[in-house]
Amino acid sequence: MRLSRLLSKTLREDPSEAETASHRLMLRAGMLHQVAAGVYAYLPLALRSLAKIERIIREEMDAAGGQEVRMPALHPLDLWQATGRDQTAAAILFQLRDRRGRDLLLAPTHEEVVTSIVKANAASYRDLPLLVYQIQTKFRDEPRPRAGLLRGREFDMKDAYSFDADWDGLDRSYQSMVEAYSNVFRRCGLPTMAVEADSGAIGGKDSHEFIMPAESGEDLVLHCRASGYAANVERAKSIPPPAPEPDPLPLALTDTPGVITIPDLARFLGIPEAQTLKAVFYQADGQTVLVTIRGDIEVNEVKLKNHLRANDLRLAGPEEARAAGLTPGSTSPIGIEGVRTIADESIRQGANFAAGANQPDKHYVNVNYPRDFNVDEVADIARAQAGHGSPDGAGMLEEVRGVEVGHVFKLGEFYADALGASFIDADGAPRSIVMGCYGIGVTRLLAAAIEQNHDDRGIVFPAPIAPYHLHLVSLNPDQEQVREAADRLYDDLRADGLEVLYDDRQESPGVKFNDADLLGLPVRVVVSPRNLRDGVVELRARRGGEPQRVPASEAAALARAMLAEG
RNA sequence: CGGGGUGUGGCGCAGCUUGGAAGCGCGCCUGCAUGGGGUGCAGGAGGUCGUUGGUUCGAAUCCAAUCACCCCGACCA
């Protein structure tokens, strides 16, 4: 492609609406055109990268036995009513109505449709297992689209669905997809980590996310180098540092004027925060819940929500707490009745804690569980954090930020049951199909790749997903011998099967070099009067390193060697 | 949904407080020079100032409503 003919132009200045690196660079490089909030046109350079990502995905899905289909984006609402997701997913559904008044939606995902397809085609255990996938546009009315392609309202996803006769089969399908995903990300040149993930309300038993480390990522992962344990913070277990364990002393009430926060309390009493207990109140589906946890640990609201099996969980306000008979600033479960009480497992260890006295300006000291109070339930509801021990005891946890580029789940029988997708087993009895689902955010992956691979000059594409292999630059193209040599090299490189973006514009060297750095193709090839005089062309890797000067006839071979290095 | 911010040529912005002929930089077009890291000089084209309504002799500027976009939070299979 000749740059002089390319649809898009580069921008010298950062667009004001973009803050995230990938968003900013994709706009500057002319890969994207924003049409509405979270809605983008993919311009030629972006589309070429996406096509390469999709190709790798297809090859790995096919290798894993997948069969590609294409399902509609437009769904009748009643299909979603069958699973109740018209309600549970209502917040993100784009809904519309046709001319006859029939309710439709733009699909955010395809479990219902794919299950109905399999229901119509798989009647016997002989038809299973099946792995069906598609690459298709999804629509989600996100509360807040952001960061360009990282969180859009219309985006491309590869979604795959496995259908097995039993849970052992699902385990095999799931494992096969985990391996396929690892292959996809490795082949794209994009290191990711598979981490344990929260599986959500209907998620079944196992779930993993594939996280690409990047500063701008929305996800937080707890990772142990020693054991390899890795989990999303929503799910991560941990061993907090132990609290002091002195001999138990008698419970005592003490004045703590003006002391409300845990840091204040610890300072006032001269004890570590790990020797305090804090109380947090939540509204769970309208019910007030009192949560007790060690003072130096935060509540993990996802764990709490799962434990409570609550649909809606939020912090209760001071008024709601008082209405339930609690004393904000000095609450504890000691002597509390009539409120559901949950405690984190951290209260089991340690002794002589300080805790609220349920009256203003007073706290208890030397609180010991279960001697001095009891709770309805004790569960793991702690937020793991850096510095905690790995749950396998192998070492310390670190926190890693990243972008979720893939997610796999064992769904189980939920959709099959809701939609009546059963099969006849070898004994002639009807059984529910056991299902898994597996997603890769294709457009998000492109953005994440740029988040992970850029410098202050621009994008640094991994070779496998770069829009073109080579960025051919001619300097002083108004000199006939330069133009002719560059044209010839352009033809020769392409004839050799290389993908070349040819900057044939009448621009100054600085402009051309800066654009080459911005676009970030893996190898830059320079044809200039100076090089011609020496009978060479110059190749340089975008990732860095010294330029290499070789005769034009050797350029293709050298380029291939450089591309192979990434 | 709560909080904050921004809408002025293709892009980035000033002008608005205190109403009185729409500006700057980049990009774009023409010409000349230049030619290894956003080159220089000269000339030129391009704007319903988001929209609607109001105040006023007069509105980019003041008032109201509304729409859009961005950021933080909530939310997020």
Side-chain angles (χ1 to χ4, degrees), chain A residues 8-20 23-24 27-28 30 33-40 83-85 88-93 108-112 138 140-148 150-153 155 157 159 161 197-204 206-209 216 218-219 232 234-235 301-302 305-306 311-315 317 404 406-412 414-415 435-439 441 457-458 473-479 482 505-518 524 526-534 538 540 547 549:
Chain A
S8 59
K9 301 287 179 268
T10 57
L11 299 175
R12 278 197 189 194
E13 293 173 280
D14 288 337
S16 63
E17 71 266 27
E19 296 205 343
T20 314
H23 190 199
R24 185 167 46 80
L27 289 171
R28 277 195 61 200
H33 176 82
Q34 179 165 3
V35 176
V39 180
Y40 295 88
T83 57
R85 291 212 300 177
T88 55
I92 58 153
L93 289 184
T109 176
H110 283 74
E111 283 81 2
E112 282 82 359
K138 309 292 190 198
R140 296 186 184 176
D141 193 1
E142 291 285 347
R144 185 151 93 84
R146 73 189 105 184
L150 284 178
R151 182 171 290 274
R153 294 192 296 170
F155 57 96
M157 177 182 272
D159 45 324
Y161 306 88
D198 178 56
S199 54
I202 312 170
D206 286 327
S207 178
H208 287 81
E209 290 171 340
S216 59
E218 296 182 273
D219 287 87
N232 191 301
E234 294 175 346
R235 169 174 173 115
E301 295 186 4
V302 174
K305 189 173 174 179
N306 289 343
N311 291 319
D312 182 50
L313 180 77
R314 59 179 175 81
L315 279 170
E404 176 194 352
H407 200 159
V408 296
F409 303 61
K410 294 181 180 174
L411 293 175
F414 175 84
Y415 290 95
M435 195 172 162
C437 79
Y438 317 92
R457 307 195 65 82
V473 176
S474 61
L475 301 185
N476 302 358
D478 54 335
Q479 293 182 23
V482 170
R505 298 173 303 170
Q506 298 274 358
E507 289 286 355
S508 70
V511 170
K512 292 187 155 196
F513 287 148
N514 278 297
D515 276 346
D517 289 344
L518 175 60
R524 187 185 75 189
V526 176
V527 174
S528 69
R530 205 166 79 188
N531 289 334
L532 280 183
R533 219 174 300 129
D534 299 337
E538 181 182 305
R540 183 176 193 181
R549 298 160 54 115

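Any value given below was found using the heavy atoms of this structure, including those in side chains, with hydrogens, waters and symmetry copies removed. Lettering of chains follows the sequences in order, A, B, ..., and the numbering in each one begins at 1.
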Counter-base of B:rG2, judged by Watson-Crick or G-U geometry with both distances under 3.5 Å: B:rC72
Whole-Å gap separating C1' (B:rU39) and CZ (A:Arg12): 10 Å
Distance, P atom - from B:rC11 to B:rG53, rounded to whole angstrom: 26 Å
Rounded distance (Å) that lies between atom P of B:rA77 and atom NZ of A:Lys410: 20 Å
Interatomic distance, A:Gln34 CD vs B:rA68 C1' [rounded to whole Å]: 10 Å
Test salt bridge (Lys or Arg N to Asp or Glu O under 4.0 Å) applied to A:Arg540 - qualifying residues, sequence neighbours left out: none
Reading 5' to 3' through nucleotides 6-13 of chain B, protein heavy-atom contacts under 4.0 Å coded B for base, S for sugar-phosphate only, - for none: -----BSS
Nearest-angstrom distance from the residue atom CZ of A:Arg24 to P of B:rC69: 22 Å
Quiz item: A:Arg140 side-chain donor-acceptor pair to B:rA77 base, under 3.5 Å: no
Footprint string (nucleotides 29-37 of chain B, 5' to 3'): B base within contact, S backbone only, - free, heavy atoms under 4.0 Å: ------BBB
Between B:rC69 (P) and A:Glu19 (CD): distance, integer Å: 16 Å
Atom P, compared across B:rC75 and B:rG2: separation rounded to whole Å: 15 Å
B:rG9 to B:rA45 separation - C1' atoms, rounded to the nearest Å: 11 Å
B:rA59 to B:rU18 separation - C1' atoms, rounded to the nearest Å: 14 Å
Sugar-phosphate, base or nothing in reach of A:Ala516, heavy atoms under 4.0 Å: nothing
Partner residues of A:Glu142 under the salt bridge (Lys or Arg N to Asp or Glu O under 4.0 Å) criterion, sequence neighbours left out: A:Arg151
Protein-nucleotide distance (A:Glu218, atom CD; B:rC75, atom P), rounded to Å: 13 Å
Who pairs with B:rG43 - Watson-Crick or G-U, where each distance is under 3.5 Å: B:rC29
Donor/acceptor link under 3.5 angstrom from A:Arg28 side chain onto base of B:rG27: no
Heavy-atom pair with the smallest gap, counting every atom of A:Pro145 and A:Gly38: CB-CA, 3.8 Å
Heavy-atom closest pair, residues A:Val473 and A:Phe513: CG1-CE2, 4.4 Å
Residues forming a side-chain contact (heavy atoms from CB on, under 4.5 Å) with A:Pro108, sequence neighbours excluded: A:Trp80, A:Ile92, A:Leu93, A:Leu105, A:Arg140
Rounded distance in Å between the P positions of B:rU55 and B:rG15: 29 Å
Distance between C1' atoms of B:rG19 and B:rC57 (Å, rounded): 12 Å
Euclidean distance, atom CD of residue A:Glu142 to atom C1' of B:rC69 [Å, nearest integer]: 17 Å
Minimal non-hydrogen separation, A:Val511 against A:Glu507, with atom names: CG1-OE1, 3.8 Å
Inter-nucleotide P distance (B:rA65, B:rC28), Å rounded: 43 Å
A:Leu411 CG to B:rA77 C1', straight-line distance once rounded to whole Å: 8 Å
P spacing across the pair B:rU61 / B:rU8, given as an integer number of angstrom: 14 Å
Partner nucleotide of B:rU66 by Watson-Crick or wobble geometry (both distances under 3.5 Å): B:rG50
Pair of N/O donor and acceptor under 3.5 Å linking B:rC76 base with A:Arg151 side chain: yes
Heavy-atom closest pair, residues A:Asp515 and A:Thr10: OD1-OG1, 2.9 Å
Residue mapping more 5' on RNA chain B - nearest nucleotide basis, A:Arg146 or A:Gly38: A:Gly38
Those residues that, when tested against A:Glu112, pass salt bridge (Lys or Arg N to Asp or Glu O under 4.0 Å) (two or more places apart): A:Arg85
With sequence neighbours excluded, residues passing ring pair (Phe, Tyr, Trp, His ring centres under 6.0 Å) with A:Tyr40: A:His23
side-chain contact (heavy atoms from CB on, under 4.5 Å) against A:Ala36, all qualifying residues, sequence neighbours excluded: A:Val39, A:Arg153
N or O in side chain of A:Lys305 less than 4.0 angstrom from B:rC76 OP1/OP2: yes
Qualifying residues under side chain to side chain donor-acceptor pair (under 3.5 Å), relative to A:His110, sequence neighbours excluded: A:His75, A:Gln134, A:Lys138
Sugar-phosphate, base or nothing in reach of A:Ala91, heavy atoms under 4.0 Å: nothing
Sugar-phosphate only, base, or nothing, as touched by A:Ala89 at under 4.0 Å among non-hydrogen atoms: nothing
